[in-house]
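Everything on this sheet refers to the single structure shown next.
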Amino acid sequence: MKKILFIIGSLRKESFNRKLALMAEQQIAGRAIVEYLDYATVPLLNQDIEFPAPEAVTNVRNKVAEADGLWIFSPEYNYSYPGALKNLIDWLSRPLVAGDRQSPLAIHGKKTTLSGAGGAMATAKCREKLTELLTLPFIRADVMKEPQTGITLGAAAWTEGKMTLTAEQEEALSRQTEAFLAFLG
Ligand SMILES: Cc1cc2nc3c(=O)[nH]c(=O)nc-3n(C[C@H](O)[C@H](O)[C@H](O)COP(=O)(O)O)c2cc1C
């Protein structure tokens, strides 16, 4: 069975993007193994501590290597991706041995899909910039360009912390779930 690693771009416990991921997991309904990447302890990238890689970095690299696909659920921060997510991807873009630009990395060719819950633009800017980042020559993830799911959170999310999806939004998530399972083969 295929393994999908879920990466949540928000670190907060009550994250709407985490809730969206839980909904996607329900839609997958056991047709793939789903795991959530815990990257909260990955340090800020500092080239002074790159080699040997800190344990938390090795752990996330191994999780990415073991997965057949990545599904990123991310909020949009200031029309872009959150810094913690960028930091994670920066670590994934770096060689395991100093100066080694030839050896393949876990992220290379990794089938990846993107979703996000946020404000009026439904994280469109974040997903656009994430696509640009993930397809850079150093990273080369195999991003499924569409369908993606962008959720504009309803009023109850902002006032009461509750996220409910409209039937249309649920359908969009379901279309993405089916497309990604097919993309994974
Ligand atoms: C630093 C920061 C910048 C934000 N910028 C945007 C933005 O550009 N677009 C947007 O839709 N929401 C923006 N928001 C609001 C987030 O969409 C909202 O906080 C959302 O709940 C975060 O996702 P989460 O619930 O998964 O943590 C921003 C929030 C923060 C903390």
Side-chain angles (χ1 to χ4, degrees), residues 4-29 32-46 56-57 59-60 63-64 67 69-93 107 110-136 139 141 143-177 179-180:
I4 307 177
L5 187 63
F6 278 14
I7 301 177
I8 317 298
S10 168
L11 298 177
R12 75 185 186 103
K13 288 195 197 76
E14 294 301 321
S15 160
F16 296 123
N17 283 279
R18 184 170 295 279
K19 289 178 179 149
L20 187 63
L22 288 166
M23 291 176 189
E25 185 184 359
Q26 280 174 3
Q27 291 183 349
I28 290 170
I33 297 165
V34 170
E35 205 177 321
Y36 290 72
L37 184 69
D38 180 359
Y39 65 97
T41 59
V42 169
L44 288 178
L45 202 151
N46 171 348
V57 173
N59 288 343
V60 295
K63 291 286 177 196
V64 170
L70 309 179
W71 192 336
I72 302 178
F73 301 82
S74 182
E76 180 171 282
Y77 282 0
N78 294 311
Y79 286 15
S80 187
Y81 30 72
L85 183 57
K86 174 66 159 54
N87 184 59
L88 170 69
I89 295 170
D90 283 340
W91 275 112
L92 293 173
S93 77
I107 190 82
K110 193 65 64 178
K111 291 179 190 291
T112 302
T113 190
L114 310 176
S115 301
M121 288 192 306
T123 74
K125 292 265 182 207
C126 169
R127 286 180 282 115
E128 190 185 307
K129 287 175 183 169
L130 259 183
T131 303
E132 184 192 342
L133 174 67
L134 290 165
T135 53
L136 286 176
I139 301 179
V143 178
M144 184 179 83
K145 298 271 160 51
E146 52 186 29
Q148 297 181 349
T149 307
I151 303 291
T152 294
L153 292 162
W158 308 113
T159 54
E160 297 161 47
K162 278 190 199 145
M163 182 179 85
T164 43
L165 299 194
T166 64
E168 219 169 71
Q169 290 170 329
E170 259 182 52
E171 264 171 44
L173 189 65
S174 167
R175 272 196 302 277
Q176 184 175 12
T177 298
F180 194 50

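Both ligands and their constituent atoms are indexed starting at 1 by order of listing. For this chain, numbers begin at 1 and follow the sequence in order.
- Taking all atoms of both residues into account, the shortest heavy-atom contact from Ala56 to Val42 is O-CG2, 3.9 Å.
- The two residues Ser115 and Trp71 have their closest heavy-atom pair at OG-NE1, 2.9 Å.
- Proximity of a side-chain donor or acceptor of Gln148 to a complementary backbone N or O of Leu114 within less than 3.5 Å is not detected.
- Taking every heavy atom of Ser10 and a limit of under 4.0 angstrom, the matching atoms of ligand 1 come to 24 (P), 26 (O), 27 (O).
- Considering backbone and side-chain atoms together, Asn78 places an N or O closer than 3.5 Å to an N or O of ligand 1.
- Residues Ala117 and Leu153 come closest through the heavy atom pair CB-CD2, 4.1 Å.
- For the residue pair Leu85 and Ser74, the shortest heavy atom distance occurs at CD2-OG, 3.6 Å.
- In terms of polar-atom proximity, defined here as any N/O pair under 3.5 Å, Gly119 does make such a contact with ligand 1.
- Remark: of the listed residues Leu20, Thr149, Ile7, Thr123, Leu20 is the sole one forming a side-chain contact (heavy atoms from CB on, under 4.5 Å) with Phe73.
- Taking every heavy atom of Asn17 and a limit of under 4.0 angstrom, the matching atoms of ligand 1 come to 23 (O), 24 (P), 26 (O).
- The closest protein non-hydrogen atom to atom 21 (O) of ligand 1 is Phe16 CD1, 3.4 Å.
- Among protein heavy atoms, atom 6 (C) of ligand 1 sits closest to Glu76 O, 2.9 Å.
- Under the 3.5 Å distance criterion, the side-chain polar atoms of Thr177 are matched with a main-chain donor or acceptor of Leu173.
- Among protein heavy atoms, the minimum distance from atom 31 (C) of ligand 1 is reached at Tyr77 CE1, 3.9 Å.
- For Arg12, every heavy-atom contact with ligand 1 shorter than 4.0 Å involves the side chain, none the backbone.
- Exactly one of Leu130, Thr135, Ile72 qualifies for a side-chain contact (heavy atoms from CB on, under 4.5 Å) with Thr112. That residue is Ile72.
- Minimum heavy-atom separation, Val60 to Tyr39: CG1-CB, 3.9 Å.
- Every N/O-N/O distance between Arg18 and ligand 1 stays at or above 3.5 Å.
- In terms of polar-atom proximity, defined here as any N/O pair under 3.5 Å, Ala120 makes no such contact with ligand 1.
- A distance-only check finds no donor-acceptor pair linking the side chain of Glu76 to the backbone of Gly119 [under 3.5 Å].
- Using a 4.0 Å cut-off to heavy atoms of Pro75, the atoms of ligand 1 that qualify are 22 (C), 23 (O).
- Heavy-atom contacts of Gly118 reach the following atoms of ligand 1: 11 (O), 17 (O) (cutoff under 4.0 Å).
- The proximity of Ser15 to ligand 1, defined as any non-hydrogen pair under 4.0 Å, involves the side chain as well as the backbone.
- Taking any N or O of Glu14, backbone or side chain, none lies under 3.5 Å from an N or O belonging to ligand 1.
- With hydrogens and angles ignored, the 3.5 Å screen pairs a side-chain donor or acceptor of Lys110 with a backbone N or O of Ala67.
- Proximity to Tyr79 (heavy-atom distance under 4.0 Å) selects the following atoms of ligand 1: 7 (C), 8 (O).
- Nearest non-hydrogen protein atom to atom 19 (O) of ligand 1 is Trp158 CZ3, 4.2 Å.
- At a heavy-atom cutoff of 4.0 Å, ligand 1 is contacted by no atom of Phe73, backbone or side chain.
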